[in-house]
Protein chains: 2
Amino acid sequence: MATSTSEKSAVDQSGRPLGPRALSTRRRLLVATVELLDSSSVRDISVVEIARRAGTSPATFYQYFKDVGEATLRLAEEAAAEVPAVVELIDGSWRGQKGMETSRSITDAFIRHWDAYRAVLLVRNLAADEGERSFQKVRRLALRPVLDSLARKIEESQSDAVASGDVHPYAAAAALAALLERLAAYHKELEPIGVTREALVETCARIMYQTVTGRLAPPANG
Amino acid sequence: MATSTSEKSAVDQSGRPLGPRALSTRRRLLVATVELLDSSSVRDISVVEIARRAGTSPATFYQYFKDVGEATLRLAEEAAAEVPAVVELIDGSWRGQKGMETSRSITDAFIRHWDAYRAVLLVRNLAADEGERSFQKVRRLALRPVLDSLARKIEESQSDAVASGDVHPYAAAAALAALLERLAAYHKELEPIGVTREALVETCARIMYQTVTGRLAPPANG
DNA sequence: CAATTTCCTGATATAGCGTCAGATTTCCAT
DNA sequence: ATGGAAATCTGACGCTATATCAGGAAATTG
């Protein structure tokens, strides 16, 4: 859990920094919020319920958060802190079978990230898509490093490559990120339809490989 | 607008079919719902507000819909009725420059579809991702034809192709659909960052082309 | 251990939810 | 036309949640 980072800077609704007791209350409220987010739809989560589950009163909730949206935003920030691990993978080798391996592990890491923070990330994306600035900002915060390092890799490939250079690196990176995100959110619903997680990862990895390197993916483990 | 189809079968909350006056009231309520969906976040849309905007009372709303969720579901059903147009494009040629053209127009059509129904589709996807069965069903209804015909095309390409056959057609189709969906939801936020809609469409089209045909995309209109 | 700061909550005004009985409008047979 | 039945709408109501504030309980400090 990457909680400690944000804990440091946590403040009261009036801007005052928090002591240890307050910190733990705040944490309980956040935990209650994820749990409810996990188990029911956003639309019918209420402050009362969060407070009840956290063993405290609604008034206390408002001491720390403006509304349910703000609590969710804080959770999204915590999730964003976990992404960097994915970024390092991108700097691996992108040649031949090794490249496919890199691609696969990125896909896999991304999906695992989503499975871990699913509910929060879903809400974060909806809010961002609906135009809420603060949520857009958190999403960018989480995705930017991924986009940047993907785009860099694509550029590298383009310079030494056979591949046609008419691909905008950043657009390609964005497309890949979009693919990863949506697939990660979606895969659970695909499995009952007969598409295994493995097949999905493999397909996604191939697409990524091809888009990054500009070459066709090598046949599976020869 | 594809409203007439669903209008026919519209019923009261108690299952009774609707007369003309009721039909028009129901429509006004649905219109008010989209408008609010377009202009504010799902979380703070209320029945009262919908009723106000439709020039009627909350009690009337409940005559037609169980809650805001159901109204949204009906709207999602109407959006789903528009998708088939996209499907026909998939049956076009996938060879060389023509293939890229096909791919581009699919991407373009998909994005336009999303721009037209954005708010509703966003909510539909969130609800589906959150596990609400009825919304999953509507999404499948809309996406199935696309998936099916994409998967068929991929299979065709595999039979006569050089390309390695270790791509699961349905998984690949799902990945493409995921890419299209996410990108369509996302593109507006990418433009300020310097990624034009055109670059996005082009990239997306190339990925689609490569995934469907198993060949590298031909260089742009060289 | 009392004063002080930190943290929590009961009370409350306001507003939305969801239901029902009855008012209003529309329709149709006469 | 016109009176009554069918269709449609809504005012009123009990319930629950929101959001705020003044003051109470708990921890900390000198």
Side-chain angles (χ1 to χ4, degrees), chain A residues 6-33 35-37 39-74 123 127 132, chain B residues 7-33 35-37 39-74 123 127 132 134:
Chain A
S6 63
E7 222 87 288
K8 293 285 167 194
S9 58
V11 291
D12 201 290
Q13 204 57 5
S14 60
R16 219 195 315 245
L18 304 182
R21 182 157 62 127
L23 237 38
S24 108
T25 303
R26 200 186 100 110
R27 180 91 273 140
R28 259 157 46 227
L29 286 165
L30 284 175
V31 169
T33 306
E35 288 175 357
L36 286 173
L37 239 32
S39 69
S40 62
S41 107
V42 213
R43 258 199 65 85
D44 33 54
I45 283 179
S46 64
V47 172
V48 229
E49 213 177 343
I50 294 175
R52 263 200 289 272
R53 179 176 277 256
T56 178
S57 75
T60 299
F61 178 94
Y62 288 105
Q63 196 116 47
Y64 299 106
F65 309 104
K66 200 176 119 301
D67 53 24
V68 179
E70 187 180 327
T72 313
L73 181 63
R74 295 286 109 79
V123 178
E132 296 194 28
Chain B
E7 221 88 288
K8 295 283 168 194
S9 58
V11 290
D12 201 282
Q13 204 56 5
S14 60
R16 222 198 307 252
L18 303 183
R21 181 158 61 130
L23 236 40
S24 109
T25 303
R26 199 186 101 113
R27 177 92 278 137
R28 259 158 46 227
L29 286 166
L30 284 175
V31 169
T33 306
E35 288 176 356
L36 287 172
L37 239 31
S39 69
S40 63
S41 106
V42 212
R43 257 199 67 85
D44 35 54
I45 283 178
S46 64
V47 171
V48 229
E49 213 177 344
I50 294 175
R52 263 199 290 271
R53 180 176 275 257
T56 179
S57 75
T60 299
F61 178 95
Y62 288 107
Q63 197 116 45
Y64 299 106
F65 309 105
K66 201 174 120 302
D67 53 25
V68 179
E70 187 181 326
T72 313
L73 181 63
R74 294 288 107 80
V123 178
E132 295 193 28
S134 48

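To find a chain, count down the sequence lines: A is the first, B the second, and so on, and within it residues start at 1.
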**Prompt:** Could you state the interatomic distance from OG1 (A/T60) to CZ (A/F65), rounded to the nearest 0.5 Å?
**Reply:** 11.5 Å
**Item:** Heavy-atom closest contact (A/I50 atom, A/A32 atom, distance)
**Value:** O-CB, 3.6 Å
**Asked** Expressed in angstrom and rounded to an integer, what is the separation of A/R52 atom CZ from C/dG10 atom P?
**Response** 13 Å
**Request:** Report the distance from atom CG of B/L18 to atom P of D/dA6, rounded to the nearest whole Å.
**Result:** 18 Å
**Request:** Rounded to the nearest angstrom, tell me the gap between atom CG in A/L29 and atom P in C/dC8.
**Result:** 9 Å
**Message:** Measuring from the side chain of B/S46 (C-beta onward, heavy atoms only), which nucleotide among C/dC17, D/dA17, C/dT25 has the closest atom?
**Reply:** C/dC17
**Request:** Scan A/S57 against the nucleic acid and name what it touches under 4.0 Å (heavy atoms): base, sugar-phosphate only, or nothing.
**Result:** base
**Item:** Sugar-phosphate, base or nothing in reach of B/F65, heavy atoms under 4.0 Å
**Value:** nothing
**Asked** Is there a side-chain contact between B/Y64 and B/L18, using heavy atoms and a 4.5 Å cut-off?
**Response** yes
**Asked** Does a side-chain N or O from A/Y62 land closer than 4.0 Å to OP1 or OP2 of D/dT20, or not?
**Response** no
**Asked** Could you give the NZ-to-C1' distance, from B/K66 to C/dT19, as a whole number of Å?
**Response** 14 Å
**Request:** Output the single nucleotide from C/dG16, D/dT18, C/dT9 whose closest atom is nearest the side chain of A/V48.
**Result:** D/dT18
**Asked** For B/T60, which contact category applies under a 4.0 Å heavy-atom criterion: base, sugar-phosphate, or nothing?
**Response** base
**Asked** Which part of the nucleic acid, if any, lies within contact of B/Q63, taking any heavy atom under 4.0 Å across all strands shown: a base, the sugar-phosphate backbone alone, or nothing?
**Response** base
**Item:** Sidechain N-carboxylate O distance under 4.0 Å for A/R74, A/E70
**Value:** yes
**Fill in**
A/L36 CG to D/dA17 P, in whole Å, measures 12 Å
**Item:** Nearest listed nucleotide, side chain of A/A59, among D/dA27, D/dT20, D/dA7
**Value:** D/dT20
**Request:** Take atom CD1 of A/I50 and atom P of D/dA17, then tell me their distance rounded to the nearest Å.
**Result:** 12 Å
**Message:** Rounding to an integer number of Å, can you tell me how far A/I45 CD1 sits from D/dT18 C1'?
**Reply:** 16 Å
**Asked** Checking all strands, does B/Y64 fall into the base, sugar-phosphate, or nothing category for heavy-atom contacts under 4.0 angstrom?
**Response** sugar-phosphate
**Asked** At what distance, to the nearest 0.5 angstrom, does CD1 of B/I45 lie from CD of B/E35?
**Response** 11.0 Å
**Prompt:** What integer distance in Å separates A/R26:CZ from C/dC7:P?
**Reply:** 13 Å
**Fill in**
Against the side chain of A/T25, the closest entry in D/dT8, C/dG16, C/dC8 is C/dC8
**Item:** Under-4.0 Å side-chain N/O to phosphate OP1/OP2 contact, A/T56 with C/dT9
**Value:** yes
